[in-house]
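Since the structure comes first, as structure tokens, the remarks are kept for the end.
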Number of protein chains: 2
Amino acid sequence: MTGARSGRRAGDSGTREAIVTAARRRFAENGYDGATIRGIAADAGVDPALVLHFHGTKERLFAASLQLTVVPGELITSVLAAERRRLGEEFTGHLGEIVVRSVLTVWEKEDARASFVGMLRSAATNEQAARMLREFVTTTIMTALSQAVGPDAGEPDPATRRYRASLVASQVIGLAFTRYVLQLAPVTSASAAELVAAIGPTIQRYLTGDLSSG
Amino acid sequence: MTGARSGRRAGDSGTREAIVTAARRRFAENGYDGATIRGIAADAGVDPALVLHFHGTKERLFAASLQLTVVPGELITSVLAAERRRLGEEFTGHLGEIVVRSVLTVWEKEDARASFVGMLRSAATNEQAARMLREFVTTTIMTALSQAVGPDAGEPDPATRRYRASLVASQVIGLAFTRYVLQLAPVTSASAAELVAAIGPTIQRYLTGDLSSG
DNA sequence: GTCTATAATCGGATAGAC
DNA sequence: GTCTATCCGATTATAGAC
């Protein structure tokens, strides 16, 4: 009879989060098409109908499981900003290594890696997921690139600028695919430091080097 | 009553080949899991049951559609041998560009590209396909690399040799993924010559350069 | 909030007629 | 060689009881 609310609180008790976590893992392991509501529900220990009760549709659940992916975008930019302050003049020269170290650091966080691997696997067979990954890659890399090289230094022409960014994407995506999806022996077992030393200069050249000759 | 064979000839009239071609295209577009017997049959203009009548199972059909992929392996090795004769002393120095030009040339052939893209898309979500791609990549790149750098010159240590090969794989696979699967704008529209100039030096460094620093 | 039941499809594979 | 008919399993999604 009082004005106080009765019944269950709106703030749920973990199952919603458990569902999203299970979804992220399943999408990462099997891609969008391969992951199933039933499997996600089983992982989360809930009824399959409950998953859709919360998120409405598989697509929206996928989007929800990737919300975390927005963070790495900002994370990379903030890491770059910090490195820029730290290195000052030398910053531009070590940009390639910084980029590689940044992505490898982000990918050591299981949630972030799962999100990205999920996008990779999904984009391979699902056009909508491919669109999402394209957008994510371009915005992330392009903004990072702008903040990194700066509007002043580096490449002024926006066309070659996009070209440089896409070359970076080809190597970064290739690294993620061989390391986490294909699991090709030496790349998978290599340490972050080794990969930074090996691939950093490649990124450096794509960002600031001469692309018309060896 | 003669000893002559009667009935239809064993050499079939094109439908078998049509099925394999349709299969290759479907696997390339949708990956192993996404491609369907029914869809392949529709593309080939035959009954779905006929597809399995010929090939028994979906797995074997996939393998059959990839049989062509063996050729590019040999093709690359022969291209490398030819270039080696042509360039002589300078060969080793231009190895990176030669590798990139080779794969891009192979991928211009629709069948070969479809086979590789099919393996890529399939490997993203199917462990068995991933195993196949791993094997294909290692044998192809490793043998090509051996014949290229030669048993004498280059890297003597087999461990770092495998490491170098896997780095090459990460960039080559990344190129294929961004150009044909993800279809990221500038990489997709770039000419072979541009990509050779941009990516060749990367491969060169992975093959023969110093990997422990910039 | 949670679950049962079920609708509506779509998948690979098989048996067997012609 | 070709096709019809069908089995059996799995999928997303919805309706509705509790």
Side-chain angles (χ1 to χ4, degrees), chain A residues 5-27 29-66 118 121-122 124-129, chain B residues 5-27 29-66 118 121-122 124-129:
Chain A
R5 297 288 178 83
S6 63
R8 213 181 197 289
R9 289 289 159 76
D12 49 357
S13 48
T15 73
R16 191 177 188 122
E17 189 57 31
I19 289 174
V20 174
T21 304
R24 186 159 40 235
R25 199 169 66 245
R26 283 280 184 165
F27 285 130
E29 278 173 16
N30 307 113
Y32 181 82
D33 297 324
T36 67
I37 304 284
R38 286 165 152 83
I40 292 166
D43 279 10
V46 302
D47 191 273
L50 196 59
V51 176
L52 294 175
H53 174 69
F54 276 132
H55 295 94
T57 171
K58 190 183 177 182
E59 261 180 46
R60 284 177 46 193
L61 174 60
F62 182 58
S65 82
L66 259 40
R121 284 203 157 104
S122 301
T125 51
N126 189 289
E127 178 51 34
Q128 191 174 354
Chain B
R5 297 288 178 84
S6 63
R8 212 181 199 287
R9 288 290 157 75
D12 49 356
S13 47
T15 73
R16 192 178 187 118
E17 190 57 32
I19 289 174
V20 174
T21 304
R24 186 157 40 234
R25 199 169 67 243
R26 283 280 185 165
F27 285 129
E29 280 174 13
N30 308 113
Y32 180 82
D33 297 323
T36 66
I37 303 285
R38 287 168 154 87
I40 292 167
D43 279 10
V46 302
D47 191 272
L50 196 59
V51 176
L52 294 176
H53 174 70
F54 276 133
H55 295 95
T57 171
K58 190 184 178 181
E59 261 181 46
R60 287 177 45 195
L61 175 60
F62 182 58
S65 82
L66 258 41
R121 285 203 157 104
S122 302
T125 51
N126 190 288
E127 179 51 35
Q128 193 174 353

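Convention: sequence-line order gives letters A, B, ...; per-chain numbering from 1.
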Tell me which pairs pass salt bridge (charged side-chain N to carboxylate O under 4.0 Å, His left out) where either residue lies in residues 18-27 of chain A, with sequence neighbours left out. A:R24-A:D111, A:R25-A:D43, A:R26-A:D43
Specify the separation, in whole Å, of atom [atom1] of [X] and atom [atom2] of [N].
X	N	atom1	atom2	answer
B:R60	C:dG12	CZ	C1'	15 Å
A:R16	C:dT2	CZ	C1'	14 Å
B:L50	C:dA13	CG	P	15 Å
B:D47	C:dG12	CG	C1'	14 Å
B:F62	C:dG12	CZ	P	14 Å
A:I19	C:dG1	CD1	P	11 Å

Can you give the dot-bracket line for DNA chain C, where a pair is Watson-Crick or G-U wobble with both atom distances under 3.5 Å, crossing pairs use [ ], and | marks a partner on another strand? ||||||||||.|||||||
Taking only residues two or more places apart in sequence or in another chain, which ones pass side chain to side chain donor-acceptor pair (under 3.5 Å) with [X]?
X	result
B:N126	B:D33
A:S122	none
A:E59	A:Q128

Sequence-aligned protein contact record of nucleotides 13-18 of chain D, with B where the base is within under 4.0 Å of a protein heavy atom and S where only the sugar-phosphate is: BB----
Donor-acceptor pair, A:T57 side chain versus A:R60 backbone, under 3.5 Å? no
Rounding to 0.5 Å, atoms CZ (A:F54) and OG1 (A:T15) come to a distance of 4.0 Å
For A:N30 and B:T125, which heavy atoms make the closest approach, and how far apart are they? O-CG2, 3.2 Å
Using the ring of each side chain (for Trp, its six-membered ring), is B:Y32 parallel, tilted or perpendicular to B:F62, with breaks at 30° and 60°? perpendicular
Touch check for B:A41, heavy atoms < 4.0 angstrom, all strands: base, sugar-phosphate only, or nothing? nothing
